[in-house]
Amino acid sequence: MSEETRRDFIRDAALATAAVLVSPASRILGANDRVRVGMIGVGGRGQDLLRQAMAVPNVEVIAIADVYTRRWDEAKRIAPGIQAVDDHRKLLDRKDIDGVIVASPLHIHARHFMDALDSGKDLYSEKTMTWSIPEADECLAAAKKSDRVVQIGLQHESSGQLADARRWIKGGLAGKVTSVESWMSRNTPHGKGQWVRAVPADCTAANVNWNAFLNGRPDRQFDPFRLINWRLYWEFSGGNVTENMVHQIAWIMSALDLPLPSAAYMTGGVFSEKDGREVPDTIAVSFDFPGDVVVNWQSTFSNSRYGLGERILGSDGTIEHVAGATDMVSGESEETLRYYPEKVNRPDGTAQTGTSPDQNHMANWIDCIRSRKAPNAPVEKGYTSAVACHMANLSYRQKQRITLEEAKGAQPQL
Ligand SMILES: NC(=O)c1ccc[n+]([C@@H]2O[C@H](COP(=O)([O-])OP(=O)(O)OC[C@H]3O[C@@H](n4cnc5c(N)ncnc54)[C@H](O)[C@@H]3O)[C@@H](O)[C@H]2O)c1
């Protein structure tokens, strides 16, 4: 070990010890203790997660923080008696909260992530883990130095289909995989843009802590449309790549045990939703991975026939995971995982269907709060999937292929 490496090692070890010594402001929980949870950001997804957390036995959600008072009333209808505040720091100050669920807009995830860990709480943070690569580096380092349980809201990491796909691949059923194709497609009635939400009449400056929403973005007058439709703008969002591709790229990387991509190239544009949005609605991404694997993902907001899916193409077999593809005859859609042998290399192979049950992603986090084990979508999974997303978006915005090194050195663009 060189002197410099040794010094780094000693410094990191000292920091890690210091972090472990300061972080557990919270209780040590026994297997049967009630887990007390707080939530930051209780809009569309947050309200789903509130219901999910309340459905886990022996869990109590006792407080929420949201910048918009309407969300307080909505949360109180779901969980009467819950405390509501407009500043997440007031919630994190409460010593009786063990874990925090974050479902705020993307550009505030890193702030909420860091503040939650600093306050000694365990954390469930919605995907995508962060808005940029530097933020992802910062959150990964903080989580590794702390002893807190971090689960990222990549719920497909808890799916039985991923467990089956991994087992098939490890068992050699797919053979050598060099190519994966994946897609995600949606549609809306003419004149109604994908993701566009109506602004409620009570969404006024008096009812919103606008500065907390901006979270350091350039100051401007209260803009209710951007508060509600933050997904459409780069300074708050990463578009469909961070909204949806993140689930699929995480799933593919987990199935094949892939490291970070070595390069990404993304094309497309705002072609179907010409409503003033900045993030593209039509996208094609190509990733190079170390180990001779190419992963393609394409998406559209103006055709929904093929739903979403992934096809892992191997020399000895194909693993196909499809969800939401519409059946031509019945008009119904279903989610399936199937294996098809390549007869040229596995003449006796037979087709198979995935059978493993899903785990409950929220219950997995709560279990880990008690057991202190690593959850199904730990911070490393949040990190690699976030970096892949940001590489794609950086390539799109620079209009050129980007390597991992170039992406790590690039300035995030508002
Ligand atoms: N895992 C999934 O399947 C899934 C599904 C949908 C959304 N999501 C993710 O959940 C997150 C939220 O999405 P959404 O659709 O619920 O958005 P939303 O706009 O409906 O909700 C965000 C909430 O955060 C509040 N907020 C804004 N700034 C805040 C701040 N500084 N402090 C506290 N609260 C603040 C807003 O008032 C709003 O109530 C996003 O990251 C999104 O990608 C995940």
Side-chain angles (χ1 to χ4, degrees), residues 38-52 63-75 78 84-92 100-116 124-131 135 151-159 184 186 194-200 202-205 207-217 222-233 235-248 250-251 279 308 323-324 360-362 365 376-377 381-382 385-386 389:
M39 292 198 57
I40 302 175
V42 194
R45 180 59 176 171
Q47 290 173 35
D48 290 344
L49 296 177
L50 173 57
R51 289 191 187 88
Q52 287 179 21
I64 62 146
D66 199 293
V67 296
Y68 179 15
T69 54
R70 181 186 187 87
R71 306 299 178 220
W72 303 4
D73 301 335
E74 289 169 347
I78 300 169
V85 294
D86 75 339
D87 184 332
H88 72 283
R89 289 169 299 186
K90 289 184 204 150
L91 182 145
L92 294 177
V100 177
I101 299 171
V102 171
S104 49
L106 181 63
H107 72 295
I108 327 176
H109 283 186
R111 166 88 192 270
H112 290 153
F113 188 114
M114 298 295 290
D115 287 356
Y124 182 114
S125 173
E126 259 311 340
K127 51 42 74 169
T128 293
M129 189 170 92
T130 61
W131 178 84
E135 288 174 354
Q151 171 91 299
I152 305 300
L154 293 162
Q155 63 272 18
H156 304 285
E157 296 299 299
S158 289
S159 80
M184 183 262 162
R186 284 187 181 166
Q194 179 64 239
W195 285 344
V196 179
R197 296 172 176 177
V199 175
D202 67 3
C203 192
T204 60
N207 292 333
V208 173
N209 181 345
W210 176 238
N211 275 335
F213 167 77
L214 284 179
N215 186 44
R217 295 292 189 254
F222 176 61
D223 181 342
F225 189 83
R226 282 184 192 236
L227 175 81
I228 300 293
N229 292 294
W230 56 268
R231 262 184 189 77
L232 310 182
Y233 305 100
E235 60 183 324
F236 311 121
S237 170
N240 205 23
V241 162
T242 51
E243 286 304 303
N244 288 299
M245 186 190 79
V246 66
H247 284 300
Q248 294 178 271
W251 196 95
V279 298
L308 66 86
N360 178 321
H361 200 59
M362 181 60 71
W365 178 58
N376 290 341
K381 184 55 57 187
S385 55
C389 289

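All residue numbers refer to positions in the sequence shown, counting from 1. Just so you know, ligand 1 is whichever comes first in the structure, and atom 1 is the first atom listed for that ligand.
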K.L.:
Measuring from atom CZ of R217 to atom CH2 of W230, what distance do you get when rounded to the nearest 0.5 angstrom?
P.N.:
12.0 Å
K.L.:
How close does the nearest protein non-hydrogen atom get to atom 19 (O) of ligand 1, and which residue and atom is it?
P.N.:
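Nearest protein contact, heavy atoms only, for atom 19 (O) of ligand 1 is W230 NE1, 2.8 Å.
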K.L.:
Do any N/O atoms on E243 end up under 3.5 angstrom from N/O atoms on ligand 1?
P.N.:
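Yes.
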K.L.:
With a 4.0 Å cut-off on heavy atoms, does R70 reach ligand 1?
P.N.:
no
K.L.:
In terms of atom number and element, which parts of ligand 1 are under 4.0 angstrom from non-hydrogen atoms of A65?
P.N.:
33 (C), 34 (N)
K.L.:
May I ask whether N215 places a heavy atom under 4.0 Å from ligand 1?
P.N.:
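The answer is no: ligand 1 sits nowhere under 4.0 Å from a heavy atom of N215.
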K.L.:
In the protein, which heavy atom is nearest to atom 15 (O) of ligand 1, and how far is it?
P.N.:
R231 NH2, 2.8 Å
K.L.:
For the atom pair NE2 (H156) and NZ (K127), what is the distance rounded to the nearest 0.5 Å?
P.N.:
9.0 Å
K.L.:
Where do F222 and A205 come nearest, in terms of heavy atoms and distance?
P.N.:
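Closest heavy-atom pair between F222 and A205: CE2-N, 3.3 Å.
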K.L.:
Not counting sequence neighbours, which residues clear side-chain hydrogen bond (donor to acceptor under 3.5 Å, both in side chains) with R70? List them please.
P.N.:
E74, D202
K.L.:
To the nearest 0.5 angstrom, please state how far the CD atom of E235 sits from the CZ atom of R226.
P.N.:
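Reported to 0.5 Å precision, the distance equals 6.5 Å.
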K.L.:
Under 4.0 Å from ligand 1, counting heavy atoms only, is it the side chain of I40, its backbone, both or neither?
P.N.:
side chain
K.L.:
What's the shortest distance from atom 12 (C) of ligand 1 to any protein heavy atom, and which residue and atom give it?
P.N.:
A103 O, 3.3 Å
K.L.:
What residue and heavy atom of the protein are closest to atom 26 (N) of ligand 1, and at what distance?
P.N.:
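Heavy-atom neighbour on the protein nearest atom 26 (N) of ligand 1: V67 CG2, 3.7 Å.
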K.L.:
Out of H361, R45, R197, Q47, whose heavy atom is nearest to atom 18 (P) of ligand 1?
P.N.:
R197
K.L.:
Does V279 reach the side chain of W195, with side-chain heavy atoms less than 4.5 Å apart?
P.N.:
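With C-beta onward as the side chain, the pair touches.
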K.L.:
When you measure from the side chain of H361 to the backbone N and O of I152, does any donor-acceptor pair fall under 3.5 Å?
P.N.:
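Yes, H361 side chain to I152 backbone: donor-acceptor pair under 3.5 Å.
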K.L.:
Got the closest protein heavy atom to atom 37 (O) of ligand 1, with its distance?
P.N.:
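Protein heavy atom with the smallest distance to atom 37 (O) of ligand 1: D66 OD1, 2.6 Å.
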K.L.:
Tell me whether the rings of F213 and F236 are parallel (<30°), tilted (30 to 60°) or perpendicular (>60°).
P.N.:
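The arrangement is tilted - the two ring planes meet at 30° to 60°.
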K.L.:
Tell me whether A212 has any N or O atom under 3.5 angstrom from an N or O of ligand 1.
P.N.:
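Yes, at least one N or O pair falls under 3.5 Å.
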K.L.:
Do the non-hydrogen side-chain atoms of I101 and M362 ever get within less than 4.5 Å of each other?
P.N.:
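Yes, their side chains come closer than 4.5 Å.
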K.L.:
Nearest protein heavy atom to atom 44 (C) of ligand 1, by residue and atom, and its distance?
P.N.:
E126 OE1, 3.2 Å
K.L.:
Hey, does the side chain of Q151 reach the backbone of A377 with a donor-acceptor pair shorter than 3.5 angstrom?
P.N.:
yes
K.L.:
When you compare the side chain of R111 with that of E135, does any pair of heavy atoms fall below 4.5 Å?
P.N.:
no
K.L.:
For ligand 1, which atoms have a heavy atom of P105 less than 4.0 angstrom away?
P.N.:
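Listed by number with element: 22 (C), 24 (O), 26 (N), 27 (C), 28 (N).
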K.L.:
Considering only heavy atoms, does R111 approach ligand 1 within less than 4.0 Å through its side chain, its backbone, both, or neither?
P.N.:
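Neither part.
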K.L.:
Within a strict 4.5 Å, meaning less than it, do heavy atoms of the E126 and H109 side chains meet?
P.N.:
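Yes; the side chains approach each other to less than 4.5 Å.
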K.L.:
Relative to the heavy atoms of Y68, which atoms of ligand 1 are at a distance of less than 4.0 Å?
P.N.:
37 (O)
K.L.:
With a 4.0 Å heavy-atom cut-off (strictly under), which part of R71 contacts ligand 1: side chain, backbone, both or neither?
P.N.:
side chain
K.L.:
Which of these, H109, H107, H112, H156, has its nearest heavy atom closest to atom 32 (N) of ligand 1?
P.N.:
H112
K.L.:
Answer side chain, backbone, both or neither: which part of K127 comes under 4.0 Å from ligand 1, heavy atoms only.
P.N.:
both
K.L.:
May I ask you to identify the nearest protein heavy atom to atom 3 (O) of ligand 1, giving residue, atom name and distance to one decimal place in Å?
P.N.:
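In this structure, atom 3 (O) of ligand 1 has Q155 NE2, 2.8 Å as its nearest protein heavy atom.
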K.L.:
Hey, what do you get for CE (M184) to CD (Q248), rounding to the nearest 0.5 Å?
P.N.:
7.5 Å
K.L.:
If you measure every N or O of G153 against every N or O of ligand 1, does any of those distances drop under 3.5 Å?
P.N.:
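N/O-N/O distance under 3.5 Å: yes.
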K.L.:
Check I108 against ligand 1 and report side chain, backbone, both or neither, counting heavy atoms closer than 4.0 Å.
P.N.:
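Side chain only.
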K.L.:
Would you mind running through ligand 1 and noting each atom that sits below 4.0 Å from a heavy atom of F213?
P.N.:
27 (C), 28 (N)
K.L.:
With nothing but distance in play, are any N or O atoms of T128 less than 3.5 Å from an N or O of ligand 1?
P.N.:
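No, since none of the N or O atoms of T128 sits under 3.5 Å from an N or O of ligand 1.
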K.L.:
What is the nearest protein non-hydrogen atom to atom 11 (C) of ligand 1, stated with its residue, atom name and distance?
P.N.:
S104 O, 3.5 Å
K.L.:
Suppose I only count heavy atoms of G43 and a 4.0 Å limit; which atoms of ligand 1 are within that range?
P.N.:
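Taking each heavy atom of G43 in turn, ligand 1 has 16 (O), 20 (O), 21 (O), 23 (C), 39 (O) under 4.0 Å.
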K.L.:
Just jot down the salt bridge (charged side-chain N to carboxylate O under 4.0 Å, His left out) partners of D48, sequence neighbours excluded, or say none.
P.N.:
R45
K.L.:
Is T128 reaching over with its side chain to a backbone N or O of T242, donor-acceptor style, under 3.5 angstrom?
P.N.:
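Confirmed, T128 side chain pairs with T242 backbone.
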